[in-house]
Amino acid sequence: MRRSIIAGNWKMNATLREAEALVTALVQRPIPETVEVVVCPPFTAISHVARLLAGSRIGLGAQDLFWESAGAFTGEISAPMLVDLGCRYVIIGHSERRTYFGETNEWVSRKLRAALAAGLAPIVCVGETLAQREANQTMEIIDQQLTSALTGLSAADLSRLIIAYEPVWAIGTGKNATPEQAQEVHLFIRNGLSQRFSQQAAESVRIQYGGSVNAANAASLLQLPDVDGALVGGASLKADAFQAIVQAAQRRGQGAALK
Ligand code: PEP
């Protein structure tokens, strides 16, 4: 049974004071054994959040990185720098980065390799736009994104890889994928991993769903057989809502254990 993973993507939100208030509220809440919980603050708050998380079971991640380790790359942050701050996870290829900052599949691939080389657990985002879904291109787009990201990776690399299926039309829109839509794409991703590597390797990869996950819809998405957690944007900025999603993931773990 894959361990559920709930990650909060704070995006460009939270001053130090706001970050402190949110993390202080989160660390007071119980984290179920069956759920891995991660927060991904903006770069500016990572070091402060790292101190606040000391001794807690909440893991720390970043929202992006650059593939070079150091050098003349003004404004960029490298994988070793994130490790230095205490990060264990990093989001790569979020659709907002692809859309607003021109990130390509090639860049995602380079960033993924840099993250793995530094020992980070990459959360690689894939997903189709509304136009692509309406043109029946969802699987083709996901396949292209996966092919580019995974080429050259070994089965051993997969043990740390997390994939987030985030339909672009569902991010920040309040319009989530239906459980049927989510399960269909998650299974497609898992089958793609199985074909490229092995069934055993594919079974070990956690695939998160992301796109308007909230306290009300989390349970219906997290109980799906190939949905192993959630990448949460807006709802991760509210301790109560985030905790409710974590609890929904715990119930998934309990349900599976009873089977
Ligand atoms: C995200 O930022 O990855 C995301 C899924 O955002 P939201 O939950 O707000 O749709």
Side-chain angles (χ1 to χ4, degrees), residues 4-14 18-19 22 26 35-43 45-46 49 58-65 87 89-101 103 108 111-112 115 120-130 132-133 138 141-142 145-146 149 161-179 181-183 185-186 189 206-222 224 226-249:
S4 301
I5 175 162
I6 305 295
N9 173 16
W10 293 6
K11 312 195 187 193
M12 195 176 71
N13 292 295
E18 289 162 347
L22 180 52
L26 288 176
V35 186
E36 205 167 312
V37 179
V38 180
V39 290
C40 301
F43 290 132
I46 289 178
V49 169
I58 300 178
L60 183 61
Q63 299 172 21
D64 187 26
L65 83 176
C87 288
Y89 307 81
V90 61
I91 298 170
I92 296 175
H94 191 281
S95 73
E96 286 154 13
R97 297 220 54 87
R98 294 179 190 254
T99 304
Y100 304 135
F101 304 100
E103 284 206 8
V108 171
K111 290 181 175 195
L112 171 55
L120 291 163
I123 301 176
V124 177
C125 303
V126 297
E128 81 288 1
T129 64
L130 185 59
Q132 288 162 342
R133 176 162 280 272
T138 298
I141 294 298
I142 303 288
Q145 292 170 337
L146 278 184
L161 175 68
I162 299 150
I163 295 177
Y165 167 55
E166 297 210 306
V168 180
W169 48 270
I171 297 178
T173 58
K175 202 166 122 186
N176 60 283
T178 64
Q181 288 170 326
Q183 173 58 24
V185 178
H186 281 235
I189 293 171
R206 270 100 53 91
I207 308 176
Q208 296 176 308
Y209 168 78
S212 297
V213 176
N214 57 37
N217 62 26
S220 65
L221 292 158
L222 291 168
L224 299 166
D226 288 289
V227 175
D228 306 308
L231 182 55
V232 186
S236 73
L237 296 171
K238 297 175 209 109
D240 285 345
F242 194 59
Q243 172 73 8
I245 296 167
V246 170
Q247 293 302 333

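Heavy atoms only: backbone and side chains are in, while hydrogens, waters and symmetry mates are out. Atoms within a ligand are numbered from 1 in the order they appear, just like the ligands themselves.
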With sequence neighbours left out, write down each residue that passes side-chain contact (heavy atoms from CB on, under 4.5 Å) with S212, or none if nothing qualifies. T173, N176

As a test of reading the model: which residues have a non-hydrogen atom less than 4.0 Å away from ligand 1? N9, K11, H94, E166, A170, I171, G172, G210, G211, S212, L231, V232, G233, G234

Heavy-atom closest pair, residues [X] and [Y]:
X	Y	answer
S95	V168	CB-CG2, 3.8 Å
G61	P41	O-CD, 3.3 Å
L120	C87	CD2-O, 3.3 Å
V38	F242	O-CZ, 3.8 Å

Can you say whether the rings of Y165 and H186 are parallel (under 30°), tilted (30 to 60°) or perpendicular (over 60°)? perpendicular

